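Contents: one structure, followed by commentary.
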Amino acid sequence: MNMNLKALLVDDEINILRNLQIVIPWEKHGIEVVGLAHNGVKALEMVQEHQPDLVLSDIRMPLMDGIGFLEKVSQLDKDIQVILLTGFQEFEYARSALKFGAKDYILKPINYEELEAIVVRIATEIREKRKAELDEQKKWSRVKHLAYEKFLFDILLDYTNVSTRHFFEDDNSLEETEFTLLLIDLDNYSQLSRKWSEKERKLENFAVRNVLQDALGPYQLLYSVLQTREGEWCVLIRQLQATVFNRDEVYSWSDTLQNAVKQNVKLTVSVGIYPEHLSVLKLAEAYKKLQRSLQLSPNVEQILMLEETNPNRNELNNSLWELVEGIVSSLKRRDKARMEATFEKLNESLRAISEHSYLRVEQILHFLILHLIREMREISIISDEEERALWANLERSVGVKDLLATIHQLINDCMNAGMNRKPSELLMMNAKEYISKNLSNDFGVEEIADHLGISCSYFSLLFKQHFSETFLEYLTRQRIELSKSLLRMSDKSITQIGKQVGYAERRYFTRVFFKFTGKTPSEYREQILSE
């Protein structure tokens, strides 16, 4: 932000006016003199024209004196600081003017050193106030942005009911807003992520999200990138109501996203496109349809328009998928009775399938197990050891019966693990997931406690008990570890990497990085490159 200030000088004595302009080193103090006026009437015109931050005005002037000018300025609802210049005989008059809004006053003959000190002091106060207001605006903007994305995330995953009485940050109601929905899925993610550690998974997911966040910048679109689970993101592009769905345009966006991930992260993604703009009320259903289509498609690095699938041909796929979704939902809610009932329905559906359909059912079940693995990992309900055992079973499975047994074992193990977890442990698992997904955002205890629906003090207590360090210590360590990986693997600038891990100012990022590593980011990168 430009912190230069503007000053207006007002006095009916030409020599004093010239001295005010010349003697005080305005430029040195970051202040530009934008006008000279000989009376209050002319000064008021210049205030309207130049919007000064600071005015030095004599009290005794023709047409409109300093007090009259001060009263008029106070009625303009503008943040202008006025210093009055007065002779000794108007001393008490000048003092009384302070209650009309004058910031300070100085007696004539003017002591220019004293006046310069007053100008510097008031200019500093103006800048500090302006910076505080800007910081508050940025903080409020970030809070609104996080709330907006949290709202969209909850809508996508069907965690909340939508009321059209909600409003977005630009005061457009939900009824007046539509979205283009793109679903981005890392190809073969379940198999690919098997060889990654938790730290590597976190880094890859973080890197892809940042690439997606930047990729559509040249199109000048209003959009949000929401990670719905590991290896999967929704891109929601805001549209004006009644905007025509342009296929070529949406394919171009999808192609740009694919190429950006491939070039920057060296991974391939598939993109699912919903074939029409959506109101917020339809997002959850559309997301599930896109997810289902991508997960059950054997192709990779594809751009799939949803309507290109044949609903009749996929009737079996959809029926089995809905049953598996019911199982996942039951596990998330720890509803064992519902889970068992849904699993029995899955068994019944499979028993009703004819002999010649079994090969297709094996393929569908294989895809469903991969989907289930990702969902279980997303809600942290499956351990690394359990996942390794599951993959071993999956590799040995040779038919529908074996695959069904694998699913049965998985959901029973996960249900038992979920039922045995304490509410506080589940809260901290959600906290860990929230931190991982929001490392690049500026957030604190208030935001994450609100996300979990608990008080800040209770959150801080649980966090320290669970992780053996404070929230800030944990968050900072996660950001620094991520920045170290980005410094090794990326050619982005120190400033860019700092912003990616939640530090808007390079100087502060460097100081925090040095505290944790004993090196500046530049020194760390140079050391890595020299090894």
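This is a predicted model, so every value here is computed, not measured. Numbering starts at 1 and runs along the sequence shown. Hydrogens, waters and symmetry mates play no part in the numbers below; they use all other heavy atoms, side chains included.
Residues passing the ring pair (Phe, Tyr, Trp, His ring centres under 6.0 Å) test with Phe509 are Tyr503, Phe513, sequence neighbours excluded. By the salt bridge (charged side-chain N to carboxylate O under 4.0 Å, His left out) test, Glu481 pairs with Lys199, Lys484, sequence neighbours left out.
Distance check: Ile184 CD1 to Gln227 CD gives 12.0 Å after rounding to the nearest 0.5 Å. Annotation: the span from Thr180 atom OG1 to Ile273 atom CD1 amounts to 9.5 Å, rounded to 0.5 Å. Annotation: the span from Ile118 atom CD1 to Glu114 atom CD amounts to 5.0 Å, rounded to 0.5 Å. Leu439 contributes atom CG, which lies 6.5 Å from atom CG of Leu475 (distance to the nearest 0.5 angstrom).
Atom CD of Glu27 sits in a sparse spot, with 12 or fewer heavy atoms from other residues, nucleotides or ligands closer than 6.0 Å. Atom NZ of Lys282 has 12 or fewer heavy atoms from other residues, nucleotides or ligands within 6.0 Å. Applying the 6.0 Å contact sphere to CD of Gln465 captures more than 12 heavy atoms from other residues, nucleotides or ligands. No more than 12 heavy-atom neighbours from other residues, nucleotides or ligands sit within 6.0 angstrom of CD on Glu285. The neighbour count for Glu505 CD, taken as heavy atoms of other residues, nucleotides or ligands under 6.0 Å away, does not exceed 12.
The ring-ring contact (aromatic ring centres under 6.0 Å, His included) with Tyr434 is formed by just one residue from the set Phe153, Phe443, Phe463; it is Phe443. When each of Ile80, Val34, Ile31 is tested with Lys6 by the rule side-chain contact (heavy atoms from CB on, under 4.5 Å), just one qualifies, namely Val34.
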Would you sort out whether Tyr223 and Arg238 count as a side-chain contact (heavy atoms from CB on, under 4.5 Å), showing the intermediate values?
CA-CA 6 Å; Tyr223 65 98; Arg238 291 182 61 178; over 6 Å; no
Run the salt bridge (Lys or Arg N to Asp or Glu O under 4.0 Å) check on Asp79 and Lys129 step by step: do they pass?
CA-CA 11 Å; Asp79 190 12; Lys129 181 181 178 183; 3.3 Å; yes
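Under 3.5 Å, the side chains of Ser270 and Asp185 contain no donor-acceptor pair of N or O atoms. No hydrogens or angles considered: nothing links the side chains of Tyr112 and Glu116 as a donor-acceptor pair under 3.5 Å. If you check the side chains of Asn259 and Asp255, you find a donor sitting under 3.5 Å from an acceptor. No hydrogens or angles considered: a donor-acceptor pair under 3.5 Å links the side chains of Tyr189 and Asn205. When only modelled atom types and interatomic distance are considered, Arg488 and Ser485 share a side-chain donor-acceptor pair under 3.5 Å.
Ring geometry for Trp253 versus Tyr219: interplanar angle over 60°, hence perpendicular rather than tilted (30 to 60°).
Residues Leu216 and Ile237 have side chains in contact (heavy-atom distance under 4.5 Å, counting atoms from C-beta outward). Side-chain contact between Lys202 and Gln478 is present, with at least one heavy-atom pair separated by less than 4.5 Å. Thr476 places none of its side-chain heavy atoms less than 4.5 Å from the side chain of Tyr474.
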Result block: side-chain N/O donor-acceptor pairs under 3.5 angstrom for residues 466-473, not counting sequence neighbours:
residue, atom, partner, partner atom, Å
Glu469, OE2, Arg477, NE, 3.3
Glu469, OE2, Arg477, NH2, 2.4
Thr470, OG1, Glu473, N, 3.1
Thr470, OG1, Glu473, OE1, 3.3
Glu473, OE1, Thr470, N, 2.9

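Between Glu301 and Lys262, at least one side-chain nitrogen of the basic residue sits less than 4.0 Å from a carboxylate oxygen of the acidic one, meeting the salt-bridge criterion. Ion pairing between Glu125 and Lys103 holds under the 4.0 Å rule for side-chain N and carboxylate O. Comment: Glu232 engages Arg229 in a salt bridge, judged by a side-chain N to carboxylate O separation of less than 4.0 angstrom.
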